[in-house]
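Side chains are part of it too, since the values below use all heavy atoms of this structure and drop only hydrogens, waters and symmetry mates. Order of the sequence lines sets the chain letters (A, B, ...), proteins ahead of strands, with each chain counted from 1.
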2 protein chains.
Amino acid sequence: MSTDKLGLLKKFFKKNRRLPSYSEMLKIFGFSSKNAVFKLINKWVEANLLTKNDGKLAPTSHFFALPLLGTIKAGYPILAEENRNYLTLDDYLIEDPTSAFLLKVSGDSLTGVGIFEGDIVVIEKKKQATIGDIVLAQIDHEWTLKIFRKNRSSRISYLQAANPKYPDFYPKASLEIFGVVKAVVRKFN
Amino acid sequence: MSTDKLGLLKKFFKKNRRLPSYSEMLKIFGFSSKNAVFKLINKWVEANLLTKNDGKLAPTSHFFALPLLGTIKAGYPILAEENRNYLTLDDYLIEDPTSAFLLKVSGDSLTGVGIFEGDIVVIEKKKQATIGDIVLAQIDHEWTLKIFRKNRSSRISYLQAANPKYPDFYPKASLEIFGVVKAVVRKFN
DNA sequence: CTTGACAGTGAACAAATGTTTACTATAATG
DNA sequence: CATTATAGTAAACATTTGTTCACTGTCAAG
């Protein structure tokens, strides 16, 4: 394992949400010449773990990201190292961080689409939805998370659960959409 | 909405994975005095969106994190602003980034536990699993993602699908565990 | 033994950094 | 009206930044 300098750097970044300056790295890595740092950094830039733009150092996506392996097709081994992708969950799931928020799900009305009690959904604030979207809405002034539908003949908007034990929800007075579910996330244990 | 300077900063960070220097912010924000930047930054530090340690600017967790609203209990409004939590999906889902990787799921063998084709699972590398864990394993040299079980009487380890259409998988020769699924993630559209 | 490649030291330096101070214009308040 | 806060300009500055150059010791290969 050696004294894993890259690990130390990652630890610093995780803690401080920024890269250390060369002088700080001196201490972190235990060097006594900035040039030692300089050479080490350049090696990491070479390896595409860090980049320099405008002379400023920044991590690349490889620096954080997790390797995304291909699918397992029954019996075949996982894709080889070469065609690996790297992925950050935040980047993958959240397109517009300014309009997104999270919501902890309760109830079993969406089990049919694989959304269970305790899951966390990523919601993008918007007033309009496409038919079939899972929406955060206020139906007759009650908040709920359901599938957005439109009656084929009457063109009336309604909400539908993804669980046969619930009926369709037609608004008596009002139906207002506040956001659309873009992703679900579930943690085990 | 005004010309949302904080949004511009976030955009820069998202693109470059670092904060801009004050001189860079001059251009980004359209100021012509560094002092204007200075004052603005200090306001954000005050608001706990940024921090300074050792005179170096860094984002706080609030800077990225999304507000996590409480559960919707039928009919009740969403929790008020005060008791909001803030959450980063990466932090929430990935405990040990060094031993974790992602895997795109194919097949329908885990639909019963809400894992579908196209979902991405977070796997933590480890050789041992607890009964009931969803594991990445090699059974008779074939890779698969299944639930780890042990026969009550015989104490023999086997794999189980979460889909009634599949039988239990008892290893003929070998069963080796490579990792345990810690989380699932699904993106809509 | 010689050579060359590494890995690190130490010093020097131009350029850029964040901060401070003094000042101006605008708008809001009483 | 006078006052006070707010948002910005402009210039000056010590400190720190990343980089470069010259040098040393170590180790492996021919």
Asker: Side chain of A:Ala36 only, heavy atoms from C-beta on: which candidate in D:dG8, C:dG18, C:dT9 is closest?
Answerer: C:dT9
Asker: Whole Å only: how far is the OH atom of B:Tyr22 from the P atom of C:dT20?
Answerer: 10 Å
Asker: Can you identify which nucleotide, out of C:dT17, C:dG18, C:dT9, has its nearest atom closest to the A:Ser33 side chain?
Answerer: C:dT9
Asker: Would you mind classifying the nucleic acid contact of B:Lys56 as base, sugar-phosphate or nothing, using non-hydrogen atoms under 4.0 angstrom?
Answerer: sugar-phosphate
Asker: Round to the nearest Å and state the distance from B:Asn42 atom CG to D:dA7 atom C1'.
Answerer: 14 Å
Asker: Is the distance from OP1 or OP2 of C:dA7 to the nearest side-chain N or O of A:Lys43 less than 4.0 Å?
Answerer: yes
Asker: Are A:Arg18 and A:Glu24 close enough for a salt bridge, meaning some N to O gap below 4.0 Å?
Answerer: yes
Asker: Can you figure out which of D:dT17, C:dT9, C:dG18 approaches the side chain of A:Ser32 most closely?
Answerer: C:dT9
Asker: Nearest whole Å is fine: how far is C:dG10 C1' from A:Lys34 NZ?
Answerer: 12 Å
Asker: Of A:Ile41 and B:Leu40, whose nearest nucleotide on DNA chain D comes first from the 5' end?
Answerer: B:Leu40
Asker: Do the ring centers of A:Tyr86 and A:Phe64 come within less than 6.0 Å of each other?
Answerer: no
Asker: How close or far is atom P of C:dT19 from atom NZ of B:Lys39, stated in whole angstroms?
Answerer: 14 Å
Asker: Would you kindly give the CZ-to-C1' distance between B:Phe38 and D:dT9, to the nearest whole Å?
Answerer: 15 Å
Asker: So which atom in B:Leu50 and which in B:Pro59 form the shortest heavy-atom distance, rounded to 0.1 Å?
Answerer: CD2-CA, 3.8 Å
Asker: Which of these nucleotides, C:dG8, D:dG18, D:dG8, is closest to any side-chain atom of A:Ser21?
Answerer: D:dG18
Asker: What does B:Lys52 touch in the nucleic acid at a heavy-atom separation under 4.0 angstrom: a base, only the sugar-phosphate, or nothing?
Answerer: sugar-phosphate
Asker: Return the value, rounded to whole Å, for the distance between atom CD of A:Glu46 and atom P of C:dC6.
Answerer: 12 Å
Asker: Are A:Lys125 and A:Asp96 close enough for a salt bridge, meaning some N to O gap below 4.0 Å?
Answerer: no
Asker: Hey, which of these two, B:Asn35 or B:Gly55, hits DNA chain C nearer its 5' end, going by closest nucleotide?
Answerer: B:Gly55
Asker: Taking all non-hydrogen atoms of both residues into account, name the closest pair between B:Glu117 and B:Gly107 and its distance.
Answerer: OE1-N, 3.0 Å
Asker: Whole angstroms only, please: what is the CE-C1' distance between B:Met25 and C:dT17?
Answerer: 11 Å
Asker: CZ of A:Phe31 versus P of C:dA11: gap in Å, rounded?
Answerer: 18 Å
